[in-house]
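Input: a single structure, listed below in structure tokens.
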Amino acid sequence: MQSHFGSLDGLRVVDLSRVLAGPLCTQILGDHGAEVIKVEPPAGDDTRRWGPPFVGEGSSAYYESLNRNKRNVCLDLKGEPGQAALRRLLENADVLVENFRQGTLASWGLSDETIRSRWPRLVHCRITGFGADGPRGGSPGYDAVAQALGGLMSINGEAAGPPLKVGVPIVDMVTGFYAVSGIMFALHERERSGSGQLIDLALFDTAVSLLHPHSSSWLADGTEARRTGSAHPTIQPYDTFEARDGQIFIAVGNDDQFERLCHFLNLPSLLQDTRFTSNGDRVRNQLALKEALSPALAVLEREHLDDSFRALGIPAGNVQTVSEALQDAQSVARSMVLQIGGRRAVGIPIKLSRTPGAVVTPPHAKGQDTEEVLGELARDSDPTH
């Protein structure tokens with residue numbers, strides 16, 4: 001059982017998902033107080049072996065980052081005993097999260113129709129690569145495949161370079177966030193109707209949804225997106241610049257900020273240059289603008305620039321490594337790195353004032369809670385108990 005009272009206290013979630021999107025979704029629910037029961041097959045979640053590095057016995061850092069605040073039950077769902085145990089788990093569950101290929105649950109006697117009729121209040125969240133319909137319906141999919149097919153790779157990278165996938169599994173992660181949102185929508189609606197419903201999420205759909213502002217530009221006038229490196233396609237200056245001791249990103253979002261930037265760099269002449277009068281002008285002349293700004297920035301140190309821009313209200317930040325970001329004073333102030341069971345973990349980004357989330361337990365070993373959970377189910381179903 002969860003030992004803290006977060007905003008989702010009393011919610012029971014059965015997590016049949018593996019890899020990233022589903023486990024991330026259920027971890028977020030667990031961070032905020034839901035009781036999450038993760039069901040793993042005898043071979044375990046694939047990501048337990050996605051290393052090095054490994055943390056503890058038989059578990060990768062990858063797996064550990066997605067499965068805290070969960071109880072762990074090991075069941076062989078290909079056989080009747082495991083399927084019977086799963087049915088008992090679903091008897092008093094509020095949410096089911098799974099990412100099996102289309103038809104897998106039905107082959108175990110748990111078709112959508114069966115789930116809907118037997119557990120009418122259950123919110124069923126399904127995550128797949130492409131959904132069940134369309135020419136790719138039912139096909140397997142991973143994050144990078146969705147990035148490729150969904151257009152994200154085509155817009156990521158330097159202008160003269162090849163398409164690149166984003167450096168984090170952005171499609172999987174946002175699908176996990178969408179799953180949390182969909183579950184919350186369905187639970188809210190259940191308060192009115194008394195009925196659960198199916199939430200159908202596909203990695204491909206997520207990838208397409210992330211194409212802003214390139215998708216809106218193409219839909220508006222047929223403008224085909226192009227790779228611009230770190231530069232923004234519709235705002236300038238909004239790009240990475242070289243300082244004397246490294247890189248800094250400057251994000252000027254309006255004319256007032258641009259005026260302050262020019263005065264700080266002692267470049268007031270740029271304000272009179274018709275190529276840079278408005279944001280639209282600056283976007284059309286982005287290369288000339290970067291050429292004009294770069295020499296003045298290149299002679300200054302990053303920390304001086306960062307401090308000065310913050311004082312002037314100009315959005316900017318040094319380009320930091322992962323280790324630098326995790327040790328940044330802002331990460332410390334916002335509790336974005338936590339100690340849990342002698343291990344370090346990323347903190348909780350959703351911060352509620354009255355019912356904050358909490359990291360209560362590290363990821364459990366495969367099957368650690370099987371006997372305890374099945375014992376509780378047996379007691380719950382015993383009318384003499």
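Start at 1 with the first residue, then count along the sequence.
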Is there a path of hydrophobic side-chain contacts, each under 4.5 Å between heavy atoms of I/L/V/M/F/W/Y residues, joining L66 to V95?
yes
Hey, what do you get for CG (L29) to CZ (R12), rounding to the nearest 0.5 Å?
14.5 Å
Let me confirm one number: the CZ-OG1 distance from F177 to T175, rounded to the nearest 0.5 Å.
10.0 Å
Under a 3.5 Å distance rule, please check whether D31 uses its side chain to pair with a backbone N or O of G347 as donor and acceptor.
no
So does Q339 have more than 12 non-hydrogen atoms from other groups sitting under 6.0 Å from CD?
yes
Side chains of S217 and T223, donor plus acceptor under 3.5 Å:
no
Main chain of D281, side chain of N285: is a donor-acceptor contact present, judged purely on distance under 3.5 Å?
yes
Taking R87 first and then E80, would you say they form a salt bridge - that is, a charged N and a carboxylate O separated by under 4.0 Å?
yes
Where the side chain of R101 meets the backbone of P140, is there a donor-acceptor pair that is under 3.5 Å apart?
no
Minimum-distance pair of heavy atoms, taken over all atoms of T114 and G109
CG2-O, 3.6 Å
For D143 and Q147, what are the C-alpha separation, side-chain angles and deciding distance, and is it a side chain to side chain donor-acceptor pair (under 3.5 Å)?
CA-CA 6 Å; D143 172 274; Q147 287 196 40; 2.8 Å; yes
Check whether T370 reaches the backbone of C74 with its side chain - one donor and one acceptor, N or O, closer than 3.5 Å.
yes
When the ring planes of F264 and H304 are compared, do they come out parallel, tilted or perpendicular, using 30° and 60° as the limits?
tilted
In this structure, OG of S17 is separated from CD1 of I127 (nearest 0.5 Å) by 6.0 Å
Distance-only, no hydrogens or angles: does the S107 side chain make a donor-acceptor pair with backbone N or O of T104 under 3.5 Å?
yes
Quick check against the 3.5 Å criterion: does D245 have a side-chain atom that pairs as donor or acceptor with the backbone of R302?
yes
Tell me the closest heavy-atom pair linking P237 and F258, and the distance in Å.
CD-CD1, 3.8 Å
More than 12 heavy atoms of other groups within 6.0 Å of W50 CH2
yes
For E242 and Q247, indicate whether the former's side chain and the latter's backbone hold a donor-acceptor pair under 3.5 Å.
no
One should read off an interatomic distance between E259 CD and L270 CG, to the nearest 0.5 angstrom, of 12.0 Å
Pairwise salt bridge (charged side-chain N to carboxylate O under 4.0 Å, His left out) hits with a residue in residues 181-210, at least two apart:
D94-R190
Should we say atom CZ of F54 is surrounded by more than 12 heavy atoms from elsewhere, each under 6.0 Å from it?
yes
Interatomic distance, L300 atom CG to F241 atom CZ [nearest 0.5 angstrom]
13.0 Å
Starting from V97, can I reach V123 by hopping between I/L/V/M/F/W/Y residues whose side chains sit under 4.5 Å apart?
yes
Going hydrophobic residue to hydrophobic residue with side-chain gaps under 4.5 angstrom, can you get from L352 over to V36?
yes
Show which side-chain atoms of residues 152-173 pair as donor or acceptor with protein atoms under 3.5 Å away, not counting sequence neighbours.
unit_1	atom_1	unit_2	atom_2	d
S154	OG	G151	O	2.7
N156	ND2	L164	O	3.1
N156	ND2	K165	O	3.2

Test: D45 and R48 ion pair at under 4.0 Å
no
Lys/Arg-Asp/Glu bridge criterion (N-O < 4.0 Å) met for E376, R71:
yes
Does CD belonging to E113 count more than 12 external heavy atoms closer than 6.0 Å?
yes
Does atom CG (D221) have a neighbourhood of more than 12 heavy atoms from anything else shown, all under 6.0 Å?
yes
Quick one, R344 and L326 - any side-chain contact, counting heavy atoms below 4.5 Å?
no
Taking R282 first and then D273, would you say they form a salt bridge - that is, a charged N and a carboxylate O separated by under 4.0 Å?
no
Cluster question for you: counting only ILVMFWY and a side-chain heavy-atom cut-off of under 4.5 Å, with indirect links fine, are M336 and I348 together?
no
Do you reckon Y63 sits in the same ILVMFWY cluster as I37, going by side-chain contacts under 4.5 Å, direct or chained?
no
Check: F249 ring centroid to Y238 ring centroid under 6.0 Å:
yes
I'd like to know if K70 and D369 make a salt bridge, using a cut-off of under 4.0 Å between side-chain N and carboxylate O.
no
Side chain N318, main chain Q320, donor-acceptor under 3.5 Å:
no
Once you round to the nearest 0.5 Å, how far does OG of S59 lie from CZ of R49?
10.5 Å
Between Q286 and H232, a side-chain donor and acceptor under 3.5 Å:
no
Tell me if a side-chain donor or acceptor on S60 pairs with a main-chain N or O of T47 at a distance below 3.5 Å.
yes
Would the distance check show the side chain of N99 and the main-chain N or O of R18 forming a donor-acceptor pair, the cut-off being under 3.5 Å?
yes
